[in-house]
Amino acid sequence: MFKKDVPSIISGAGFGASFITALFRAVEKLGGSLEDIYAALKDGSPLVDEFAALIVKASQKAKNIFTLLVNYDRRVEAGVRAGHYDWINPNITDQNFPTTQQGTKEATIQLIHFNRSISTDEALRELDKMNLRPATLQECLAFGEKYPDIQREFPIIFLGSVWRDLDGGRRRPCLGRIGSGRYIFLDWIADDGDGLWRFAAVSK
């Protein structure tokens with residue numbers, strides 16, 4: 001909910017005039033006019049809601065917050081295919097990653113950046129302090145499908161699902177890239193030494 005003094009603050013700062021000027025220049029570059037802006041954003045126009053949704057979506061992305069629907073009943077293999085990855089770790093299967101959740105639910109994924117070297121155990125403790133739980137493979141698959149370009153910006157790990165390989169190593173699903181290609185893989189992440197990783201998490 002907006003505070004009562006927000007409109008006066010915006011007006012006093014000249015935000016409204018600056019915004020309209022920037023919007024008009026952008027529309028003008030595309031061959032439009034001030035009349036087009038008025039017609040598109042007048043009371044009752046559906047474009048107002050669309051415009052607001054774009055603003056909120058851009059704000060959420062800036063904060064690394066992403067909303068999506070997760071079908072926990074979907075087979076892992078189907079979720080992998082839906083992501084259209086360029087490379088897939090063959091061990092990401094239903095057999096290796098059974099799910100305990102059911103149904104289709106909305107989830108809000110936060111990508112937490114610790115911006116420092118951090119171990120898996122420490123990352124889990126930090127997420128717990130933030131009242132967050134690590135996101136799972138099913139949430140990873142839904143995320144990769146809906147937001148395919150985010151993993152091109154930085155690698156993302158989903159600590160909520162674990163598979164033990166033949167050597168007993170604990171591997172967790174990750175999204176990343178090789179060149180311009182997207183891939184879904186499994187990694188140890190015993191220590192995030194370069195501080196590049198984002199840790200996908202969901203509110204408890």
Side-chain angles (χ1 to χ4, degrees), residues 56-72 74 76 79-80 82-94 96-101 104-165 167-204:
V56 171
K57 184 176 180 180
S59 175
Q60 288 180 331
K61 182 177 179 180
K63 298 174 183 176
N64 284 323
I65 299 175
F66 303 87
T67 302
L68 45 79
L69 282 177
V70 183
N71 180 0
Y72 294 99
R74 181 168 66 171
V76 167
V80 169
H84 302 290
Y85 300 100
D86 298 290
W87 187 83
I88 302 161
N89 186 300
N91 293 304
I92 300 177
T93 64
D94 264 322
N96 290 336
F97 289 94
T99 181
T100 58
Q101 295 176 279
T104 298
K105 303 174 185 177
E106 185 176 273
T108 299
I109 302 292
Q110 298 184 48
L111 301 184
I112 306 300
H113 185 205
F114 294 109
N115 199 30
R116 60 183 172 86
S117 177
I118 188 170
S119 69
T120 299
D121 290 340
E122 186 182 0
L124 289 171
R125 288 194 296 269
E126 290 298 321
L127 292 179
D128 186 61
K129 291 177 184 178
M130 300 164 69
N131 201 33
L132 297 171
R133 67 163 176 82
T136 65
L137 174 61
Q138 289 291 357
E139 290 154 352
C140 166
L141 297 174
F143 184 91
E145 180 182 0
K146 184 172 181 180
Y147 302 101
D149 292 326
I150 302 301
Q151 68 188 86
R152 290 191 171 101
E153 300 177 23
F154 37 69
I156 308 167
I157 186 165
F158 295 74
L159 297 177
S161 295
V162 183
W163 171 64
R164 286 190 177 274
D165 62 22
D167 297 323
R170 295 166 63 85
R171 294 180 175 268
R172 305 168 193 265
C174 310
L175 298 175
R177 70 180 178 91
I178 299 177
S180 60
R182 298 167 54 246
Y183 65 108
I184 181 169
F185 64 109
L186 299 173
D187 210 334
W188 303 91
I189 310 301
D191 184 17
D192 174 25
D194 53 18
L196 295 177
W197 287 88
R198 267 57 171 183
F199 293 78
V202 182
S203 295
K204 291 183 178 180

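Any value given below was found using the heavy atoms of this structure, including those in side chains, with hydrogens, waters and symmetry copies removed.
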Is there a side-chain contact between [X] and [Y] (heavy atoms, below 4.5 Å)?
X	Y	value
Val202	Glu139	yes
Phe154	Asn64	yes
Ile112	Met130	yes
Phe185	Leu175	no
Gln110	Leu132	yes
Gln151	Tyr85	yes
Leu68	Val70	yes
Trp188	Asp165	yes

- request: On the 0 to 90° scale, with breaks at 30° and 60°, tag the Trp163-Phe97 ring pair as parallel, tilted or perpendicular.
  value: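 Geometry flag for Phe97 against Trp163: tilted rings.
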- prompt: Which class fits the ring pair Tyr183 and Trp87: parallel under 30°, tilted 30 to 60°, perpendicular over 60°?
  reply: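 The rings of Tyr183 and Trp87 stand perpendicular, inter-plane angle above 60°.
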When you measure from the side chain of [X] to the backbone N and O of [Y], does any donor-acceptor pair fall under 3.5 Å?
X	Y	result
Arg198	Pro155	no
Gln138	Arg74	yes
Arg164	Gly168	yes

[atom1] of [X] to [atom2] of [Y]: how many Å apart, nearest 0.5 Å?
X	Y	atom1	atom2	value
Cys140	Ile92	SG	CD1	7.0 Å
Phe143	Phe158	CZ	CZ	6.0 Å
Thr99	Asn71	OG1	CG	10.0 Å
Leu127	Lys204	CG	NZ	9.0 Å

task: Assess whether side chain to side chain contact (heavy atoms under 4.5 Å, CB included) is satisfied between Ile150 and Leu111, documenting all intermediate values.
output: CA-CA 10 Å; Ile150 302 301; Leu111 301 184; 3.9 Å; yes
query: Which residue, Leu137, Ile156, Leu159, forms the side chain to side chain contact (heavy atoms under 4.5 Å, CB included) with Pro173?
result: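 That would be Leu137.
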- prompt: Between Leu124, Asp128, Ile157, which is the residue that forms a side chain to side chain contact (heavy atoms under 4.5 Å, CB included) with Pro134?
  reply: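 For Pro134, the side chain to side chain contact (heavy atoms under 4.5 Å, CB included) check succeeds only for Leu124.
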task: Decide yes or no on side chain to side chain contact (heavy atoms under 4.5 Å, CB included) for Ile184 and Leu141, but give the supporting numbers first.
output: CA-CA 9 Å; Ile184 181 169; Leu141 297 174; 3.6 Å; yes
query: Can we say Glu122 and Arg116 salt-bridge, meaning some charged N sits less than 4.0 Å from an Asp/Glu carboxylate O?
result: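 So Glu122 pairs with Arg116 through a salt bridge.
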field: Ionic contact status for Asp86 with Arg182, cut-off 4.0 Å
entry: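 Judged by the 4.0 Å cut-off on N to carboxylate O distance, Arg182 and Asp86 do not form a salt bridge.
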message: For Asp94 versus Val76, what's the shortest heavy-atom pair and its separation?
response: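 For Asp94 versus Val76, the nearest heavy atoms are OD1-N, 3.2 Å.
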message: Quick check on the 6.0 Å ring-centre criterion: do Tyr147 and Phe66 meet it?
response: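 Yes, ring centres under 6.0 Å apart.
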task: Give the intermediate values and the outcome of side chain to side chain contact (heavy atoms under 4.5 Å, CB included) for residues Ile65 and Ile109.
output: CA-CA 6 Å; Ile65 299 175; Ile109 302 292; over 6 Å; no
Step-by-step side chain to side chain contact (heavy atoms under 4.5 Å, CB included) determination, Asn115 to Trp197: CA-CA 8 Å; Asn115 199 30; Trp197 287 88; over 6 Å; no
side-chain contact (heavy atoms from CB on, under 4.5 Å) involving Val162 - partner list, sequence neighbours excluded: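 With neighbours one apart ignored, the set is Arg170, Arg172.
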